[in-house]
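Here the structure is laid out as structure tokens; the discussion comes afterwards.
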Amino acid sequence: MEQETVEAAQSSELGAGPSCSDSNLISRMALNDNKAGMEGLDKERINQIIYEASKDSKFFENEKKKEEQLESRIKEQQSKISKITQAQLRAAEHEADKVLAILEDERDLSHTIVHVDMDAFYAAVEMRDDPTLWNKPMAVGGLGMLSTSNYLARRFGVRAAMPGFIGLKLCPDLVLVKPNFDKYSAVSKEVRQVLSQYDPNFCPMSLDEAYMDFTNHLQKRLQSSALSRMFVLREKNTGHDKIGENENYCMCDLNVVLRPALLSSSEFRDQCVSDEILQTFLNTESFSKHFKVCTECNKMFPKYTCKVFGCSVEDAVLELRNRIEQRTHLTASAGVAPNTMLAKVCSDKNKPNGQYRIKPDKKEIMSFMLDLPIRKISGIGKVTEKLLGSIGVVTCKDLFTHRAMLFHLFSCTSFHYFMRISAGIGSTCVERDGERKSISTERTFNEISDPKLLLQKCRELCKNLSEDMKDEKTLGKTVTLKIKTVGFDVKTRSFTLSHYTNDEALLLKAAQMLLQTEINAELPGALRLRLMGVRMSKLCSDQESQVSVADMFKRIDKNDQGDQNSKNYPNPDFLSFQNAQSVIQNFDDICTGEESDLHIVDFDGEEDDDNESSVFSMPLNHTLVSGLGDNNRYKQELFPLKGRKKESHLSSEIGILKFACTGYKAADSIQVTTKHATGIKEEAQGKISRQDMLNCKESIFSSQENGLPRKLSFKIKGLNHHLNKSASETLSEADSPFMAGNQLMDSSHCLETLNTSTSETGMVSCPICRQQKLNWPLDQLNTHIDLCLSKQTVKDILQKDKLKNSDSVSHKEKSIKRPSSSSSSSLRDKKQKTQPSVISYFK
DNA sequence: GCGGATCAC
DNA sequence: TATGGTGATCCGC
């Protein structure tokens, strides 16, 4: 810990010059001894070894590059500083003090937060189960990377996040053990069982650590009997506390196999008795006389004692740690404080197998913060440490001293974060994280540069991810490809689909497109990778696609009121895969006039329809609903308009449903909104051109592959339900390339048509941007279409169309409340009398 | 919304 | 011979 201060002080002095320019090792690669069990090491020697092992590697080159980038960030920071006037600093100080005053108001000392952290968890589990490791420096991991090391190994400078081969250089006797995650996870479960008895809502951060709120437990504890705070302890240092030492002894959790019997045998079991009296009784009375053999394993009990734990926080936490140890034969450390930030720091203070408490007292907190290095705070890593160090901030108190400067140099978020740290204020709730926000898989490998093999790797990853997502019953919308070059350069490229999916083929298509783009960018060179990953974000649950129309209403209403509970409702911006899929499946049937289980309900609140109320219970993915504008009678009754936003998401979805079902029937006058995959919305008002109509069709057709929708980007507004004369005059279906006589082709034929009609000449053209290529493979064409749809091309088309139809009046969505007579055709005027304007559906 | 960076474990 | 995998967040654009 002391070295750390020295290192930080050095970096604060270095100013502009590169750090460690004299010594060979750059600071970011130096041993990070910010970890228990690593005090007082010969850092210089260790760093020299690390340097020797790294200096010629590409990894090292990249680290140097990053170091330089950091240096230039620091220079920028300094040039900013040079422009700050004294007056500005004074003003900033004033602002900062205001912030601190507000924070002070929020200070909450009423909670008792405990952070529990298993000591060298993975390593400890392995040592517990293998006596041959007991006296050896060991680490869990491989030559590539270590997950954790035992305390013996730490004396050599071997630590987590260090490559194994360097660990071996530091400590040639180091034993490497391959990780057994299943085992760690099982042990973790046991630990959690104990934790849950103190706080059922504890918040696990990983397999080996958790935050807990002890406040309630401590309250109850005050009322609890001494006996209920009595627990069994194995006598230590007899050897009988280690698994594998002596097979003759019971290794069960004595608090499970023995304690109940002890409790019921105690003469105090029905009485209120003081802790002292009970403890004295336990010390004199030898229970082991009566209980010698474990009924679970039939082995002899080891030597044990019983202890009554008091009602204080310290005793409660000690009891918890003891119970963990009895249960798992592993030790844990704990930190106790009024908030999570401090509790976390505390759990490290007396590691291993210790605990530390900061009392809920402002003075005590402030004196604790006084010389606490900022690096100890969770969230401040090596970069922030260095950035802050360069302006003289090393301890938490320094954050306060330099608050005016921090105000100028950092974002609002960071500044507030720093101020909270300086005041020792942290979160007092330990709620578990909500739903996950992304899911990913990535793999490091020996260099791959052959495009075929790269695509193969991509395929594997997508397959894995798709499976993981199906296991998790989750769908996603944004696909991100991550690549790391052999030079350790990391890049991410993402693409947002128009609907949620976890389908392998769709995933692959998106990821492949992104990868191909990167491969192409390197041409004529090769893209040389050492890692590839695929991530899916913007998730929604698989289940959520099964909502009824009523749910949908509720959801929109909740969300628009900014309800805190809106998380309980599906993301309003959803077009579920199932939804789309079901529409597509019904698509051909409807167009060809065959049976379908898709319900079509005009749900506009007019008097004449008895079917309408049934809509509420229909699953949406089999229901086509129209008329859901704010004028909708049912909707108004159910959810009075209280400044609610327009139901654009809903109408978007319904628009797509409508189009899918009626697109072939054509329309006389419609409005098109294109929602790009990028999220940009483009609108075209007035009459739609024939070409747009075809584009829409093509888009939907080309979206079908293996029966799956690929792209649904069009939202049709104001679509009239049925073909009529005036429409047929302006839009002849016979002109469609997808018509076979009077019959519409099914989707597979359309695909064929798309293919063959163009391949006669060998030239294939993109239906969107009209770009032509010789023998454009369908795969790539589809990928290209995706790209087109996501970029600006559609916008251009729509722009042109706008020009062509410049006689029609253009409206902003907002201004359209009623069917506009100025842009109406006579047909629409007629229709309007019998039913609400189609435009009003999507106001 | 996207991409780079930082951070924790 | 040789430096991980997963998830979250923030910032600047």
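Quick caveat: nothing in here was measured; it's all calculated off a predicted structure. Lettering follows sequence order; numbering is per chain, from 1. All heavy atoms count here, side chains included; hydrogens, waters and symmetry mates do not.
With rounding to whole Å, A:Leu409 atom CG is found 17 Å from C:dG12 atom C1'. Atom OH in A:Tyr51 sits roughly 18 Å away from atom P in C:dA2 (whole-Å rounding). For the pair A:Phe121 CZ and B:dC9 C1', the interatomic distance rounds to 13 Å; values are reported in whole Å. The nearest whole Å value for the distance from the CZ atom in A:Phe181 to the C1' atom in C:dG5 is 9 Å. When rounded to the nearest whole Å, the span between CD1 of A:Ile483 and C1' of C:dG4 equals 18 Å. Between A:Leu388 atom CG and B:dT6 atom P there is a gap of 13 Å when expressed in whole angstrom units. Between the P atom of B:dA5 and the CD1 atom of A:Ile380 lies a distance of 20 Å, rounded to the nearest Å. For the pair A:Asn62 CG and B:dA5 C1', the computed distance is 13 Å after rounding to whole Å.
Residue A:Leu143 places its side chain closer to C:dA2 than to any other of B:dG3, C:dG4, C:dA2. Candidate nucleotides C:dT3, B:dA5, B:dA8 were compared by shortest atom distance to the side chain of A:Met29, and C:dT3 ranks first. Considering only side-chain atoms of A:Phe59, the nucleotide from B:dC9, B:dA8, C:dT3 that sits closest is C:dT3. Residue A:Thr384 has its side chain nearest to B:dT6 when only B:dA5, B:dT6, C:dG4 are considered.
Nearer the 5' end of DNA chain B, as judged by each residue's closest nucleotide, is the contact made by A:Arg73, out of A:Arg73 and A:Lys344. Checking A:Ser438 against A:Ala53, the closest nucleotide of DNA chain C that is more toward the 5' end is the one next to A:Ala53. Along DNA chain C, the nucleotide nearest to A:Ser414 and the one nearest to A:Arg443 differ in position, and the one closer to the 5' end is contacted by A:Arg443.
Using a 4.0 Å heavy-atom criterion, one finds that A:Leu146 contacts no nucleic acid atom at all. At a threshold of 4.0 angstrom between heavy atoms, the contacts of A:Glu209 are confined to the sugar-phosphate backbone, with no base atom among them. A:Ile377 comes within contact range of the sugar-phosphate backbone alone, with a heavy-atom separation under 4.0 Å but no base atom that close. Contact annotation for A:Ile439: backbone-only contact, meaning every heavy-atom pair under 4.0 Å involves sugar-phosphate atoms and none involves a base. Among the heavy atoms of the strands, none lies under 4.0 Å from A:Arg535. Across all strands, A:Thr480 comes closer than 4.0 Å to no nucleic acid atom at all (heavy-atom distances). Heavy atoms of A:Lys491 sit under 4.0 angstrom from primed sugar atoms or phosphate atoms, though from no base atom.
The side chain of A:Thr496 contributes an N or O atom lying less than 4.0 Å from OP1 or OP2 of B:dC2. Between A:Lys66 and B:dG4, a side-chain N or O to OP1/OP2 separation shorter than 4.0 Å is absent. Listed pair A:Arg436 / C:dT6 fails the phosphate criterion, with no side-chain N or O lying under 4.0 Å from OP1 or OP2. Within the structure, every side-chain polar atom (N or O) of A:Ser440 is placed at least 4.0 Å from both OP1 and OP2 of C:dG5. Here A:Ser494 reaches the OP1 or OP2 of B:dG3: one of its side-chain N or O atoms lies under 4.0 Å away. For the pair A:Lys482 and C:dT6, the criterion of a side-chain N or O lying under 4.0 Å from OP1 or OP2 is not met.
When the C1' atom is used for both C:dG4 and B:dC7, the distance is 15 Å, rounded to whole Å.
For the residue pair A:Gln516/A:Asn520, the side-chain donor-acceptor check at 3.5 Å is satisfied. A side-chain donor-acceptor contact under 3.5 Å links A:Asp398 and A:Thr395.
Distance check: A:Ser147 OG to A:Phe121 CZ gives 12.0 Å after rounding to the nearest 0.5 Å. Expressed to the nearest 0.5 Å, how far CE of A:Met29 lies from NZ of A:Lys64 amounts to 10.0 Å.
For the pairing with A:Ser27, the side chain to side chain donor-acceptor pair (under 3.5 Å) check across A:Glu67, A:Lys382, A:Glu63 returns one residue only, A:Glu67.
Not a single donor-acceptor pair, N or O on each side, falls under 3.5 Å between the base of C:dT3 and the side chain of A:Thr444.
Counting heavy atoms from C-beta on, the side chains of A:Met536 and A:Ser440 never come closer than 4.5 Å. Annotation: side chain of A:Met162 is in contact with side chain of A:Leu170 (closest heavy-atom distance under 4.5 Å).
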